[in-house]
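The structure appears below as structure tokens.
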There are 2 protein chains.
Amino acid sequence: MRIGELSERTGTPRRLLRYYEEQGLIVADRLPNGYRVYDGSNVDRVLQIRGLLDAGLPTRIIKQILPCLNKPRIIHFPDATPEMLATLEDERDRMTERIRCLTRNRDAVAEYLAAVRETPAPSV
Amino acid sequence: MRIGELSERTGTPRRLLRYYEEQGLIVADRLPNGYRVYDGSNVDRVLQIRGLLDAGLPTRIIKQILPCLNKPRIIHFPDATPEMLATLEDERDRMTERIRCLTRNRDAVAEYLAAVRETPAPSV
DNA sequence: CTTGACCCTCACACCAATGTGAGGGTTCGA
DNA sequence: TCGAACCCTCACATTGGTGTGAGGGTCAAG
């Protein structure tokens, strides 16, 4: 598929698909005329990228952790340098912290909403 | 306490404390000379704000959900307009989605790290 | 051959969060 | 009274993720 279809299938502006490529998050083959071509696996990949971005991770980090998540079972160890492993451990912990914080606050919001909903409309 | 102490106690640059105030996330009393003064509750508040920011929420949204989370039990309903409630429900769902995404990826990273660690160092 | 729907690169612009520093007050101890 | 260590406002700069558009190819259908 070309960029337009990938854009539609992922709900992502073309601009951003090009940006992700520029940042090294995805790769695209090229047709002889220069058009980018993608296969189905790119859909999932882009959705994952968007999820991570939305979750607050910068592309720099996403680029580092993506290789670890590609084929769930075919973990193909890159030149896992100690620094990279440290970065990953660090990021894993940051994610855990983020999850905790988000959960706490999400629950609080949910509780609030539940409380409001239980209250008869305060007619002025 | 004044801004310097709050900064130290929260690990947050003064610049940002002023910024959060400008964005309406925190309020500060003023001494006669114009200095900001804070009490202990502001420490937790700032930490919460930082957590939410780090989790990817913009100040605009944080400002909306903070009032719901102040005193866990003393839910003091603001003029909960229907739009605001809708925003909150929306944000709650987005947070849930974020949590799912983060968790999934965090687990994948953790798994990868565990796998790497189990492998004897590939001595070139 | 032309039109319309694609695609390309390049580049400027925006916004939110944050850095940084200039220019200038206050307070307090040496 | 001087200097250090605070504080203030103002304002420009930077970064990352985006929006947007100009200027220009490609290609299939009419």
Side-chain angles (χ1 to χ4, degrees), chain A residues 1-39 42 45-66 87 91 94-95 97-98 101-102, chain B residues 1-39 42 45-66 87 91 94 97-98 101-102 105:
Chain A
M1 85 191 83
R2 283 171 306 177
I3 202 172
E5 187 178 345
L6 183 59
S7 168
E8 253 183 43
R9 297 224 280 181
T10 60
T12 307
R14 289 143 224 253
R15 169 72 172 89
L16 291 187
L17 295 176
R18 300 197 185 100
Y19 175 68
Y20 299 154
E21 179 178 338
E22 187 185 313
Q23 299 304 307
L25 301 186
I26 51 181
V27 276
D29 283 342
R30 297 294 183 125
L31 293 175
N33 60 14
Y35 290 12
R36 291 168 177 83
V37 263
Y38 306 90
D39 60 28
N42 283 294
R45 181 133 176 148
V46 168
L47 290 177
Q48 189 174 31
I49 290 169
R50 302 229 90 200
L52 289 168
L53 277 176
D54 187 55
L57 301 199
T59 53
R60 195 183 72 254
I61 298 297
I62 296 177
K63 186 177 171 182
Q64 286 201 301
I65 71 180
L66 268 188
T87 300
E91 204 53 36
R94 289 172 58 77
M95 288 167 91
E97 185 46 45
R98 251 184 269 248
C101 174
L102 265 176
Chain B
M1 84 191 83
R2 282 171 308 177
I3 202 170
E5 187 177 344
L6 183 59
S7 169
E8 253 183 45
R9 297 224 280 179
T10 60
T12 307
R14 289 141 226 254
R15 168 72 172 87
L16 291 186
L17 295 176
R18 299 197 185 101
Y19 175 68
Y20 299 154
E21 178 177 340
E22 187 184 312
Q23 299 302 309
L25 301 186
I26 51 180
V27 276
D29 283 342
R30 298 293 183 125
L31 294 175
N33 60 13
Y35 289 11
R36 291 169 177 81
V37 264
Y38 306 90
D39 60 29
N42 283 295
R45 180 131 177 151
V46 168
L47 290 177
Q48 189 173 34
I49 290 169
R50 301 229 93 200
L52 289 169
L53 276 176
D54 187 55
L57 302 197
T59 54
R60 194 183 74 253
I61 298 297
I62 296 176
K63 186 177 172 183
Q64 287 200 299
I65 71 181
L66 267 187
T87 298
E91 205 53 36
R94 288 172 59 76
E97 184 47 42
R98 249 184 269 248
C101 173
L102 266 175
N105 286 288

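Residue numbering restarts at 1 for every chain, and letters A, B, ... go by the order of the sequence lines.
Two residues, B:Arg2 and B:Leu53, neighbour DNA chain C, and the one matched to the more 5' nucleotide by heavy-atom proximity is B:Leu53.
At a threshold of 4.0 Å, the pair B:Arg15-B:Glu21 does not count as salt-bridged, since none of the basic side-chain nitrogens sits closer than that to a carboxylate oxygen. Between B:Glu91 and B:Arg94 there is a salt bridge, since at least one side-chain N of the basic residue sits less than 4.0 Å from a carboxylate O of the acidic one. The residues B:Glu5 and B:Arg9 are annotated as salt-bridged, a charged nitrogen and a carboxylate oxygen being separated by less than 4.0 angstrom.
Here B:Tyr20 does not reach the OP1 or OP2 of C:dA17: none of its side-chain N or O atoms lies under 4.0 Å away. The phosphate of D:dC6 (OP1 or OP2) has no side-chain N or O of B:Arg36 nearer than 4.0 angstrom. Using a 4.0 Å cut-off, some side-chain N or O of B:Thr59 falls inside it from OP1 or OP2 of C:dA17.
Rounded to whole Å, atom P of D:dC8 lies 9 Å from atom CZ of B:Arg14. As rounded to whole Å, 13 Å separates atom C1' of C:dA17 from atom CD1 of B:Ile49. Taking atom NZ of A:Lys63 as the reference point, atom P of D:dG17 lies 12 Å away to the nearest angstrom. Note: CD1 (B:Ile61) to P (C:dA17) measures 11 Å, nearest angstrom. In this structure, CG of B:Asn33 is placed 19 Å from P of D:dA5, rounded to the nearest angstrom. Between A:Tyr19 atom OH and D:dG16 atom C1' the separation is 5 Å, expressed in whole Å. The distance from atom CG of A:Leu17 to atom P of D:dG19 is 11 Å, rounded to the nearest whole Å. When rounded to the nearest whole Å, the span between CG of B:Leu25 and P of C:dA17 equals 8 Å.
B:Arg18 contributes no side-chain N or O that forms a donor-acceptor pair with the base of D:dT9 under 3.5 Å. At a cut-off of 3.5 angstrom, counting only N and O atoms as typed in the model, there is a donor on one side and an acceptor on the other between the side-chain of A:Tyr35 and the base of D:dG25.
The side chain of A:Arg30 lies closest to C:dC8 when the candidates are C:dT18, C:dA16, C:dC8.
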Practice prompt. Under the salt bridge (charged side-chain N to carboxylate O under 4.0 Å, His left out) rule, what do B:Asp54 and A:Arg98 come out as? Steps first, then yes or no, please.
Written response: CA-CA 7 Å; B:Asp54 187 55; A:Arg98 251 184 269 248; 3.6 Å; yes
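Between atom CG of residue A:Asn42 and atom CG of residue A:Leu25 there is a gap of 11.5 Å, rounded to the nearest 0.5 Å.
Among the protein residues, B:Ile3 comes within range of the sugar-phosphate backbone only, with heavy atoms under 4.0 Å from sugar or phosphate atoms but none that close to a base.
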